[in-house]
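All chains are named by letter (A, B, ...) in the order of the sequence lines, taking the proteins before the strands, and each is independently numbered beginning at 1.
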2 protein chains.
Amino acid sequence: MPSQSRIDDWLPAAVRAAASERRLKAGEALFRLGDKTAGFYEVIAGRVRLARVDAAGHEVVLHVARPGDVIAEASLFSPHYHCDAIAGSEATVRLFPKRDVLAAFDRDPQAAQAFTAMLARQVMSLRARIEQRNIRSARERLRHWLALNAGGDGRTVALPGPLKELAAELGLTHEALYRTLAALERSGEIERLEGKIVIVQGRR
Amino acid sequence: MPSQSRIDDWLPAAVRAAASERRLKAGEALFRLGDKTAGFYEVIAGRVRLARVDAAGHEVVLHVARPGDVIAEASLFSPHYHCDAIAGSEATVRLFPKRDVLAAFDRDPQAAQAFTAMLARQVMSLRARIEQRNIRSARERLRHWLALNAGGDGRTVALPGPLKELAAELGLTHEALYRTLAALERSGEIERLEGKIVIVQGRR
DNA sequence: CGGCGTTTTGAGAGAGCTCAACATCGGTGG
DNA sequence: CCACCGATGTTGAGCTCTCTCAAAACGCCG
């Protein structure tokens with residue numbers, strides 16, 4: 001999930017310096033439900049899956065974290081992890097030790113507040129994403145995303161990566177997204193340029 | 001959104017005492033994008049819609065808050081609101097003034113931490129909800145929800161309200177939910193009782 | 001040149017949505 | 001006491017839309 005907020009924006013340099021990296025093989029567990037919390041992690045490369053196991057023994061996925069995502073923020077306030085974290089592919093993560101983070105927050109209330117503010121923004125952004133998923137139509141869902149991600153001019157949207165990734169973020173198959181983009185372009189509603197989309201006109 | 005965390009759990013009594021209620025008519029604005037932030041709100045009754053207006057003048061809904069939900073938490077850290085809040089029906093809200101809340105957090109770091117912890121939990125829960133929406137099949141989506149909301153025994157799920165509301169939370173039409181529930185019950189996977197669902201057996 | 005991943009387009013099928021009818025329950029008022 | 005009303009719950013039938021499976025063009029890099 002593109003948190004659109006770099007970790008450097010809210011984490012003091014002192015804490016970043018205390019971080020350590022770890023490499024995981026596909027299928028390897030970063031932590032398990034009930035493990036003592038070491039701190040929270042940033043995913044550097046690969047995918048990490050957060051999941052629980054239900055009463056019938058089946059895995060229930062809570063979240064799939066991608067590079068740039070932070071996981072287990074709540075571990076700061078809990079003595080043990082609340083789910084499993086498993087590498088979905090070969091992956092690299094960076095650990096920010098709970099002790100150092102909490103100490104920094106204690107020492108520097110502004111840092112603590114920045115962290116809280118970041119979480120509040122993330123709640124906003126996640127809610128918006130859920131709202132987006134309430135939209136059935138691929139076309140409307142794309143329009144919603146375009147409107148929400150339009151730059152300052154309200155007309156230009158920068159594409160963060162390949163369209164396949166955008167499709168995943170939108171909860172569409174890539175085929176559906178390609179078709180919808182093509183349809184919107186044919187109808188003259190958008191224009192597709194290198195790495196960005198320009199909204200020509202809203203629908204009437 | 002059933003935050004599953006009562007506001008009383010993390011907000012000091014002193015702040016709760018400073019709250020004031022406000023009644024809104026359907027369509028009335030609680031605040032508008034750019035307004036100076038007064039604080040955050042709890043929805044007591046009715047529905048409040050958070051939305052922005054895109055370049056073409058169309059409303060883009062970010063979130064629909066229901067009774068028990070808290071909105072505009074990020075207003076604590078921002079001088080102005082980032083979207084419009086409009087009553088979707090006759091509604092009652094409770095305002096927690098920014099000044100009082102921040103003062104309480106200043107005075108009582110534990111309260112501030114409780115707030116942060118609550119946000120971190122909410123981020124978790126929202127991510128899980130998004131993951132749920134990635135599931136196409138109504139049956140699998142319901143199973144996901146059941147597994148995640150099962151009580152301590154992992155077999156009993158209390159229904160928070162009418163099934164229509166659950167349908168909305170799951171992102172399904174109420175018809176689809178009724179049919180899926182009926183199918184799961186016919187197949188013996190679940191049992192439906194007054195106000196709750198019992199998971200009889202997982203699928204093989 | 002020969003892979004490999006992304007981007008595109010095609011055709012078919014399944015699943016949930018829409019529209020519709022009806023049952024049920026609680027409250028309200030004649 | 002009963003008729004009426006609104007909201008929830010339930011089931012039926014058809015239709016649309018996206019998913020799925022396939023195939024191919026394109027671009028990049030060794």
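Ranking D:dT18, D:dG9, C:dG16 by closeness to the A:S137 side chain, first place goes to D:dT18.
Under the 4.5 Å side-chain criterion, counting only non-hydrogen atoms from C-beta, B:L184 is not in contact with B:L181. B:F105 is not listed as a side-chain neighbour of B:V15, based on a closest heavy-atom distance of 4.5 Å or more. Looking at A:T180 and A:R139, their side chains come closer than 4.5 Å, going by heavy atoms from C-beta outward.
The distance between atom CD of A:E185 and atom C1' of C:dT9, rounded to the nearest whole Å, is 15 Å. Distance, B:N134 CG to D:dT18 P: 16 Å, rounded to whole Å. Across the protein-nucleic acid pair, A:L170 atom CG and D:dT18 atom C1' stand 14 Å apart, rounded to whole Å. To the nearest angstrom, P of C:dG14 lies 18 Å from CD of B:E140. Regarding B:I197, its CD1 atom lies at a distance of 13 Å from the C1' atom of D:dG9, rounded to whole Å. Atom CG of A:L163 is separated from atom P of D:dG27 by 15 Å (rounded to the nearest Å). Here C:dA15 presents its C1' atom at 12 Å from CZ of B:R139, a figure rounded to the nearest Å. Distance, B:K164 NZ to D:dG6 C1': 10 Å, rounded to whole Å.
Note that CD1 of A:I130 is 9.0 Å distant from CD of B:E169, once rounded to the nearest 0.5 Å. The line from CD1 of B:I7 to CE of B:M118 is 7.5 Å long, rounded to the nearest 0.5 Å.
Across residues 173-180 of chain B, B:H174, B:E175, B:Y178, B:R179 each have a non-hydrogen atom less than 4.0 Å from an atom of DNA chain D (numbered order).
Residue B:R141 is out of contact with every strand shown, counting any heavy-atom pair closer than 4.0 Å.
The pair A:R22-A:E28 counts as a salt bridge, with a side-chain nitrogen and a carboxylate oxygen less than 4.0 angstrom apart.
Here B:R186 does not reach the OP1 or OP2 of D:dT10: none of its side-chain N or O atoms lies under 4.0 Å away.
Screening B:V43, B:L50, B:I71, B:D84 against B:L30 for a side-chain contact (heavy atoms from CB on, under 4.5 Å) leaves a single residue, B:I71.
The 5' end of DNA chain C is approached more closely, in terms of each residue's nearest nucleotide, by A:P162 than by the other of A:P162 and A:R136.
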